[in-house]
Protein chains: 2
Amino acid sequence: MGGIPAVINDIPDIVIGRLPLYLRALSYMAKEAGKVTTSSHELGQRLGISSAQIRKDLSHFGEFGKQGTGYHINYLIEKLREILQLQEEWPVVLVGAGFLGHALAHYQGFEHRGFHISFVFDNDPEKIGIDMNGLVVRDISELSDVIKEKGVQIAIISVPATAAQEIADLLVGAGVHSILSYAPINLKAPKGVHVLYSDPVVQLQRMTYYQGSE
Amino acid sequence: MGGIPAVINDIPDIVIGRLPLYLRALSYMAKEAGKVTTSSHELGQRLGISSAQIRKDLSHFGEFGKQGTGYHINYLIEKLREILQLQEEWPVVLVGAGFLGHALAHYQGFEHRGFHISFVFDNDPEKIGIDMNGLVVRDISELSDVIKEKGVQIAIISVPATAAQEIADLLVGAGVHSILSYAPINLKAPKGVHVLYSDPVVQLQRMTYYQGSE
DNA sequence: TAGATTGTTAATCGATTAACAATC
DNA sequence: TAGATTGTTAATCGATTAACAATC
């Protein structure tokens with residue numbers, strides 16, 4: 001039938017992946033370094049990225065700079081927040097109240113960057129009910145209902161590897177679209193669900209290959 | 001003078017970056033799933049990577065499989081450990097004994113994967129001297145001497161963003177070659193020093209772009 | 001104006017994939 | 001043997017970079 005072609009979201013993942021880095025560096029420049037404007041060259045130097053790449057990346061979304069003067073930092077920050085849908089804070093569910101869950105619940109860095117940990121869950125009766133930085137640890141059995149009722153779309157998994165897939169299935173079933181997992185295991189998730197990982201060992205192993213090759 | 005060309009390390013970073021993922025999936029297959037052999041197809045499916053890419057990646061280092069039967073898992077694990085220099089455990093210095101440092105010091109996942117947290121440092125008198133999972137938190141003033149004396153080459157930074165660059169400079173000055181930083185800031189480091197980052201907010205921000213585009 | 005820097009094009013570079021002979 | 005799967009080549013695909021007209 002020919003028909004209307006599917007909307008082509010032409011912007012490569014790898015470009016999207018750099019935008020948060022630009023955002024972070026720009027915020028630093030504005031707040032810590034007190035700068036008002038910057039150039040693709042300056043930003044690139046700070047990040048170890050070519051100025052051409054930064055201009056190319058931004059050009060996917062519009063024209064945010066001025067020839068001769070560069071970019072107004074606060075304006076570019078605002079635009080990047082729009083693009084990344086960070087203008088309102090996303091509620092985040094945290095699953096796993098162990099040492100790492102504890103650290104995440106106390107992490108100050110979520111605020112003002114688009115996220116807020118709204119609920120913490122665990123299955124350990126010893127942990128359920130305790131206070132973690134103002135949040136009460138809830139029973140995992142309530143997870144699904146809370147997510148559905150509050151419409152939470154983002155979750156962080158900080159449970160042991162053996163429990164991670166089960167938790168991921170629960171989260172996806174309840175409507176979560178994005179998962180950041182600290183469990184050292186590959187999760188299966190249906191298409192349309194984004195999963196990113198953070199495994200310190202994988203990162204360390206990426207560096208040992210080069211040890212001694214100096 | 002013409003002379004001897006610099007040794008060309010032809011293997012792309014991006015290939016090295018995938019090897020730890022192969023290693024992790026293979027270990028899972030051997031231990032949890034009780035498998036003895038696997039194929040590039042099976043491994044690829046588990047990781048969401050094409051079988052061709054896995055074969056190509058491995059072919060940079062040798063021939064580890066057999067036509068018709070695939071790879072012997074334990075043998076491939078051993079080879080990957082050799083390639084990544086993981087056959088002996090690397091001592092790791094952890095800087096920052098806050099909530100996250102606490103979580104890292106208690107993380108079981110380093111053992112048997114090539115790493116061992118050997119020392120923990122902080123500058124807070126309240127924390128110096130306390131026990132963290134069998135490790136005594138030491139004064140940051142001892143950092144340089146300990147690293148030099150023990151020849152530690154790998155460090156993890158879990159201090160606030162404001163202190164991270166200063167700590168990185170100390171580490172590099174003392175001889176550290178690889179740094180995994182949890183501080184949400186870009187670090188400056190001389191060529192030859194590897195720095196990788198883990199910032200949960202950056203990862204969450206990489207996913208919100210896609211929210212609602214289902 | 002002169003200098004600086006953008007946004008964009010075209011060229012280059014590099015990574016992924018498809019395909020298949022070799023062979024277990 | 002027949003079926004399966006490797007390692008490798010060549011083709012494809014995609015990302016990065018160099019260069020520059022436009023213009024602040």
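Numbered from 1 within each chain, the chains take letters A, B, ... in sequence-line order. Reckoned from all heavy atoms, side chains included, excluding hydrogens, waters and symmetry mates.
- At the phosphate of dA4(D), neither OP1 nor OP2 sits under 4.0 Å from any side-chain N or O atom of Tyr71(B).
- Sorted by first then second residue, the side chain to side chain donor-acceptor pair (under 3.5 Å) pairs that include residues 144-159 of chain B, not counting sequence neighbours, are Gln153(B)-His177(B).
- A ring-centre distance under 6.0 Å is found for His106(B) and Phe99(A).
- Separating the CG atom of Leu76(B) from the C1' atom of dT6(D) is a distance of 13 Å, rounded to the nearest angstrom.
- Look at CD on Glu63(A): it is 11 Å from P on dT9(C), rounded to the nearest Å.
- For His60(A) and dT6(C), the NE2 to P distance is 17 Å, given to the nearest whole Å.
- The pair Lys79(A)-Glu82(A) counts as a salt bridge, with a side-chain nitrogen and a carboxylate oxygen less than 4.0 angstrom apart.
- The stretch residues 20-48 of chain B touches DNA chain D through Ser39(B), Ser40(B), each having a heavy atom under 4.0 angstrom from the strand.
- Under the ring-ring contact (aromatic ring centres under 6.0 Å, His included) criterion, His60(B) pairs with no residue, sequence neighbours left out.
- Atom CG of Leu58(A) and atom P of dT8(C) are 11 Å apart (whole Å).
- Minimum heavy-atom separation, Pro190(B) to Val172(B): CG-CG1, 3.6 Å.
- The separation between Ile73(B) atom CD1 and dT5(D) atom P is 13 Å, rounded to whole Å.
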Study note, to complete from the structure: Per-nucleotide protein contact along nucleotides 16-24 of chain D, 5' to 3', at a 4.0 Å heavy-atom cut-off (B base, S sugar-phosphate only, - neither), is BBBB--BBB
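- Partners of Ser51(A) according to the side chain to side chain donor-acceptor pair (under 3.5 Å) rule, which considers only residues two or more places apart in sequence or in another chain, are Arg55(A).
- Smallest separation of non-hydrogen atoms from Pro184(A) and Arg24(B): O-CD, 3.5 Å.
- Residue Ile54(A) contributes atom CD1, which lies 13 Å from atom P of dT5(C) at whole-angstrom precision.
- For the side-chain contact (heavy atoms from CB on, under 4.5 Å) criterion with Leu143(B), the lone passing option out of Val176(B), Asn123(B), Val93(B), Asp122(B) is Val93(B).
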Review point. Given pairs defined as Watson-Crick or G-U wobble with both distances under 3.5 Å, what dot-bracket annotation applies to DNA chain C, with ( ) intrastrand, [ ] crossing, | other strand and . unpaired?
Key: ..||||||||||||||||||||||
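- The aromatic rings of Tyr209(A) and Phe61(B) lie perpendicular to each other, with more than 60° between the two planes, well past the 30° mark.
- A pairwise comparison of heavy atoms in Met207(B) and Leu196(A) identifies CG-CD1, 3.8 Å as the closest pair.
- Using cut-offs of 30° and 60° on the angle between ring planes, the pair Phe119(B) and Phe121(B) is tilted.
- Rounded to whole Å, atom C1' of dT6(D) lies 17 Å from atom NE2 of His72(B).
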